[in-house]
Structures are given as C-alpha cells and as structure tokens.
Amino acid sequence: MTKEDNEKRLKHLKTIVARLPEKPGSYQFYDEEGTIIYVGKAKNLKSRVSSYFHTEVDRFKTKVLVSKIHNISYTVVNTEEDALLLENELIKKYNPRYNVLLKDGKTYPSICITNEPFPRIFKTRTINKKWGTYYGPYSHVGTMYAVLDLIKELYHPRTCRQPLTKEGVETGKYKVCLDYHIKKCMGPCVAKQTFEEYQKNIAQAREILKGNTRKIQREMMDEMQRLAEELRFEEAEEVKRRYLLLDGFVSKSEVVSHTIDKVDVFSITNDENTAFINYIHVANGAINQSFTFEYKKKLNESEVELLQLGIVEMRERFKSDSKEIVVPFDPQMELDGIAFTIPQRGDKKTLLDLSVMNGKQYKFDRLKQAEKLNPEQKQVRLMKELQEKLHLPSLPYQIECFDNSNISGTDAVAACVVFKKMKPSKRDYKHYNIKTVTGPDDYASMKEVVHRRYSRLVEEEQPLPDLIVADGGKGQMEVIREVIQDELNLDIPIAGLAKNDRHRTNELLYGFPPMTIQLKTDSELFHVLTQLQDEVHRFAIEFHRNRRSKRALTSELDSIKGIGPKGRDALLNALKSVRRIREATEAELSAVIGPSKAQIVYRHFHPVKIDN
C-alpha cells in the first residue's frame, strides 16, 4: 500500500468514526477483503473506536490491527449488558483474527439429554444443539461418570437407539431388549413404564445435572411420605432407595455453606499470552460445577476485558441464572438484576480462593502437558523465571558454578561445571589443580581458578557465561566479583547459594551487597539450582579422590628401585591395585614383568627378616 493509499484509508475511517453515536453497542473492523478481523463492545461507541486512531497508541499489536482496518460497522444497543452479549455472539460466529481465542477444550466430554419423546442420556464430545440439551463440559471426567452412574441408578433411562414415539408404544410397535431383562431399563417401549413417569424422571435428571440436588431430595421426601400415608409401602421403599442414593452422592460434594445458594464464582490467572478463567457454580451450599476456560490473547487484553468475556460466555454456556457473582476485582460491567461481590473474608472468600487454586492448577497442568510435547519449553520457562527473579539483561543460557576440594590443604583441586539451557553440559566441565595456594585457603583457591578460567576465555575469544553461581554465600561472591569486575573488567552477573545452620541450601543471593531473592525451596527453579550445586560438589570431590588415589599408587610403586614406569604400568594393568600386587606370589609377578623384576617387587613388599 502506497503512502497516498494509506492516507486515503485513514481519512475514510476517521470519517466513519466522526459519525459514530455516543451510545453503547458493538463495533466490527473489516480488512481489505471485507472479512471481520475484530469485534469489540463499548459503553460509548464514538469514544472507544476513536481511541484506536490516536497518534499516541503505543501498543505494537494494536498498531498492527489498525493498519489492517479498511472499514467499520457498528450496532447500537440499549445497555452495556446487551453490548457484551452481542460482542460474545459475534466473536463466536465470525471468530475474528484479532479477538481473544476461546480454547474451550473440545476434548472434554459433556452429557446430552436428547430432544426425543423418550429422551436418552449419554456422554458425548460432539455438540449439536439440534439433538438435545448439553450439560458440561466436564474437565474432570471422573465427576461426569459419577453423575451419569447416579442418574442411571436412579432412573434407568433407556440406552437403545430406537426412534420411540408415544403412538408407537400405544400400538405395540416395539419390543423390549436385554436391558429390560437385567433391570437396567424400565421398559417404556412396551408401556411397562408410563410416558408420564419417564418424563418425570428425565425432568429430575435435568435438575441433578443443573446441580439442584437438594430440590430433588425434597421432592423425593414429600413423595415418600405421601406413598407411606397411602399404604403403598413398596413404592415408598423404592423412592427411599433413590433418596439414599442421591443423599450419598450429595454428601461427597464440597459443601461450603448451607446459606449460600445460586452463586457464580469467577477468577482469572494469566501470563503473557494466555488467560485461564475458572468458573464455579454453587447451589444449595454445595459446589456442583467447576470448569476452567483457556483464552489466547491477541491484543494485550486487560484482566478486566478478559473477565468480562469469561463471565458472559460461561453463564451462557452453563445456563446460569444466579443473581450474585463473586469476583476477585471489579469487572466494570453491569448485568441486569445481578450483584457483583468482591469478598474479603468468610465463606465467599473461601470459594474465591478455591476458584483461584483451580485456575492455577489448570494452568500448571496445561504447562506440563505442553512441556511433555516440547521439553525445551520447560527449559526456556525456567530461564525466563531466573531472568525475572534476578533482573538479568539476557536469558541465562549458560550458567557456571565453582567448588574447591582438599584435605587440610593437600591435593587441593577445584572444579567448574557448566549448565546450558538449565541442563548439565558435561563436555564443558573443567577441573583445576591449585598451583599458587599453600594450605587450606578456599577464598584464595577460588580466586586463582576464576582468574584462570575467564582470562583464558577472554584470551581465546570464547563465549562468556550469562551467570556465575558461587557455591557459598557472600564471601565467595565477593571473591568472584573482585576477579571478574576489578581484575578482568568483565560484566558477568554473579549469584550465590547460601546454606543454613544445618548445612542445607536455603536461599539464593544476588547483587552487591548481596540480597536474598525470594524463591520457594520446593520450586522447580530452586531444584535446578541445587542440582547445579550438587553437580559441582560431585565433580570436585571425584577429581580430588582420583588425584589422591593416583598419588597413593605412584608413590608406592615409584619408590621401588629397579622398577620403571613400564613395569609399574604393566603391574597395574594386570593386577589392578597395589593391594593385589602386594598379595601376589613371586610366580604371579614373574608372569607379568619377568623373574628378575618380580623378585625385586616381591622383596619390596616381603622383606627378608634377619635374625640377630
């Protein structure tokens, strides 16, 4: 598009905006092909739409949207609530490119009650409202099966697919199937169960699916008493059986408070690209529906905008008629006859906390699922988390950690381990023999090794790490800082892992002077950091042990006059250890290095005693 064409486009759009009414409504943006690319709602159409064309709009995604707009249409409504409802309907109808994308979990099943004269009740993952009424979806499949099993046990609805009609039953058109004989169906197809009785059972099943279980219990109790008064004890006993079944089911529900009835609860948990809105419905003091919807953000939508969409969508989806909605903050919307509550304490605050917990758990589960499909996603997430915690200038792709090992200053060594993308990169591990330090001086040893490591990387023009982690507290961090910043003039972030009185790592330090960074000790990030610490301990101790073993071996065999390196290596290769060489017979030694040298070695370990 040329500059002249763009100016002409903007002039046309601003002309439309200038004519917009200052009333509530929904607006639609169209691209060059006439396709709706965005649907919005507004209390004041003129004010809201004109804001997209202000020069100070600084959101990149919004600028991209505006650059695609070629036409605008709008619909005026009476109230903000109507605008919300219309926006929701248009988004679902046209699925505009730049609107929030609702990922409603098509893999989750629902329960369908068909529109047939003798309705069937079954689970399905296909939604077609021409077939019947749908309840759900159920994010917890176990809950759905529990409800289905209860309904089957209570009412024995038919499972056959015969197109039953009232007229067909009256004319004897049908025959019973196996389910009738095993008492899983009451035989409505042959009038063993009346049409009216079947319809009554289906009506009660609908109430149970809506969560109105206590209402059904009251009806059952009244019916049971009526039948008993009429001396119809067998029928009363059957109603009692159903009542007890339903009571047992209800007792497993999470009862919040018997004073809370018909309340919707909403909470939102989100990150940069996705929002998770949890919905809980409470009826008669018990939670009977809980579901989390996932929304993919497109234009940096605010929590208020997302919550508004979620409230409208879920109340419509679950056919809620609750007059009170519990929310974590003011959603800045008005719904006719509905009160919004932001609880600070009490049972409703408990409900809100439960909703938040469900939303966070769903987010965590989705993240784990994605990370199983793409393991690198977890590593990137942990790098981003560490970057945010420490305010690092870049992702900590390469992290290095140092540790010293010695026994009273002897055989002093140090180790450097390298993690790349939060995983050990063993080919990049380095170990060092301490050369300039005498005695057990950890700080001086650390200073020597750090200087050797990074002066060499600079000299060889090798990439420097994004973060250095000191295996220790403030003292080790300061020693590393002196080398990195004061001596080598390098700018590498330095963190430290400090231990408590019981020698357990319990905090992450960063900055100068070092400050404690808030990090839960049971978090994944903390586990990675302690893995880094454990790995450098292991590598340093292993190198130190090998060095001591090698010194012990060489000092013992090298002290034997007449046995050179070749003879020593031949013995070690054949017998593996000094102990086995010491215990070997002269004949066994002779088979390896010959009789003359074998005699020398044997005499060294078994000197001839001279009697006085």
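What you see is a predicted model, and the numbers here were worked out from it, not measured in a lab. Any value given below was found using the heavy atoms of this structure, including those in side chains, with hydrogens, waters and symmetry copies removed.
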Any donor-acceptor pair under 3.5 Å from Glu89 side chain to Leu86 backbone = no
query = Do Asn115 and Trp131 come within less than 4.5 Å of each other through their side chains, counting heavy atoms only?
reply = no
inquiry  = More than 12 heavy atoms of other residues, nucleotides or ligands under 6.0 Å from NZ of Lys297: yes or no?
reply    = yes
Neighbour count >12 (heavy atoms, 6.0 Å) for atom CD, Glu234 = no
ask   = Do the non-hydrogen side-chain atoms of Phe340 and Met333 ever get within less than 4.5 Å of each other?
value = yes
task = Could you tell me whether the side chains of Gln308 and Lys41 share a donor-acceptor contact shorter than 3.5 Å?
result = yes
task = Decide side chain to side chain contact (heavy atoms under 4.5 Å, CB included) for Phe266 and Arg315; before the verdict, give the C-alpha distance in whole Å, the side-chain angles of both, and the deciding distance to 0.1 Å.
result = CA-CA 10 Å; Phe266 290 90; Arg315 281 176 62 85; 4.1 Å; yes
ask   = Taking the side chain from Thr341 and the backbone from Pro343, do they hold a donor-acceptor pair closer than 3.5 Å?
value = no
task = Please report the C-alpha distance between Tyr198 and Phe118 in whole Å, then the side-chain angles of each, then the deciding distance to 0.1 Å, and finally whether the ring pair (Phe, Tyr, Trp, His ring centres under 6.0 Å) criterion is met.
result = CA-CA 7 Å; Tyr198 194 91; Phe118 291 85; 5.5 Å; yes
Closest non-hydrogen atom pair, Ile151 against Ile121 = CG2-CD1, 3.8 Å
inquiry  = With a 4.5 Å cut-off on side-chain heavy atoms, are Glu385 and Gln387 touching?
reply    = no
Ring center gap for Phe29 and Tyr98 short of 6.0 angstrom = no
query = Is there a side-chain contact between Met357 and Ser267 (heavy atoms, below 4.5 Å)?
reply = no
task = Could you tell me whether Glu196 and Lys200 have a side-chain N and a carboxylate O separated by less than 4.0 Å?
result = no
key: Contact summary for Lys323 and Gly337, nearest pair of heavy atoms   = CD-O, 3.6 Å
query = Where do Pro331 and Leu307 come nearest, in terms of heavy atoms and distance?
reply = CB-CD2, 4.3 Å
ask   = Is it the case that more than 12 heavy atoms not belonging to Glu334 sit under 6.0 Å from its CD atom?
value = no
message = Rounded at 0.5 Å granularity, tell me how far CG in Leu395 sits from NZ in Lys421.
response = 10.5 Å
message = For the residue pair Lys363 and Phe276, would you count it as a cation-pi contact if the rule is NZ or CZ under 6.0 angstrom from the ring centre and within 45 degrees of the ring axis?
response = no
inquiry  = Within the 4.5 Å heavy-atom criterion, are Ser320 and Tyr279 side-chain neighbours or not?
reply    = yes
task = Check whether any side-chain N or O of Gln204 sits under 3.5 Å from a backbone N or O of Leu154 as a donor-acceptor pair, and report yes or no.
result = no
note = So CD1 of Ile325 and CG of Leu335: to nearest 0.5 Å the spacing works out to 5.5 Å
message = Check this for me: does any side-chain nitrogen of one of Asp179 and Arg158 sit under 4.0 Å from a carboxylate oxygen of the other?
response = no
task = Would you tell me whether Tyr27 and Tyr52 have side-chain atoms, one donor and one acceptor, within less than 3.5 Å of each other?
result = yes
inquiry  = Quick check on Lys298: does its NZ atom have over 12 non-hydrogen neighbours (other residues, nucleotides or ligands) under 6.0 Å away?
reply    = yes
task = Examine the side chains of Thr35 and Glu33 and answer whether a donor and an acceptor come within less than 3.5 Å of each other.
result = no
message = If only side-chain N and O atoms count, and only distance matters, is there a donor-acceptor pair under 3.5 Å linking Ser26 with Gln28?
response = yes
ask   = Just wondering, are more than 12 heavy atoms of other shown residues or ligands nearer than 6.0 Å to NZ in Lys46?
value = yes
key: Verdict with supporting geometry, Arg120 and Glu116, salt bridge (Lys or Arg N to Asp or Glu O under 4.0 Å)   = CA-CA 8 Å; Arg120 292 176 295 129; Glu116 299 168 281; 3.0 Å; yes
Lys/Arg-Asp/Glu bridge criterion (N-O < 4.0 Å) met for Arg226, Glu229 = no
request  = Determine, for Lys348 against Glu324, whether the closest basic-nitrogen to carboxylate-oxygen distance falls under 4.0 angstrom.
outcome  = yes
request  = Would you check if Val169 and Val190 make a side-chain contact, meaning some heavy-atom pair closer than 4.5 Å?
outcome  = no
query = Have Asp264 and His281 got a donor and an acceptor in their side chains that come within less than 3.5 Å?
reply = yes
query = Side chain of Thr274, backbone of Asn270: donor and acceptor closer than 3.5 Å?
reply = no
message = Can you confirm whether Lys184 sits close enough to Lys152 that some side-chain heavy atom of one is under 4.5 Å from a side-chain heavy atom of the other?
response = no
task = Return yes when atom CZ of Arg97 has more than 12 non-hydrogen atoms of other residues, nucleotides or ligands closer than 6.0 Å, and no otherwise.
result = no
query = Atom OG of Ser73 and atom CD1 of Ile36: how far apart are they, to the nearest 0.5 Å?
reply = 6.0 Å
key: NZ/NE/NH1/NH2 to OD/OE distance under 4.0 Å, Lys68 and Glu32   = no
key: Non-hydrogen atoms of Val265 and Ser355 that approach each other most closely   = CG1-CB, 3.9 Å
query = Quick check: does any side chain N or O of Asp31 sit under 3.5 Å from a backbone N or O of Ile69, one acting as donor and the other as acceptor?
reply = no
Backbone N/O of Thr124 and side chain of Tyr134: donor-acceptor pair under 3.5 Å = no
query = Above 12 or not: heavy atoms from other molecules or residues under 6.0 Å from OH of Tyr94?
reply = no
note = Separation between CD1 (Ile277) and CD1 (Ile268), nearest 0.5 Å, reads 4.5 Å
inquiry  = Looking at Ser47 and Asn44, would you say the former's side chain and the latter's main chain have a donor-acceptor pair under 3.5 Å?
reply    = no
Asn278 and Tyr362 side chains, donor-acceptor separation under 3.5 Å = no
4.5 Å side-chain heavy-atom contact, Lys384 and Arg381 = no
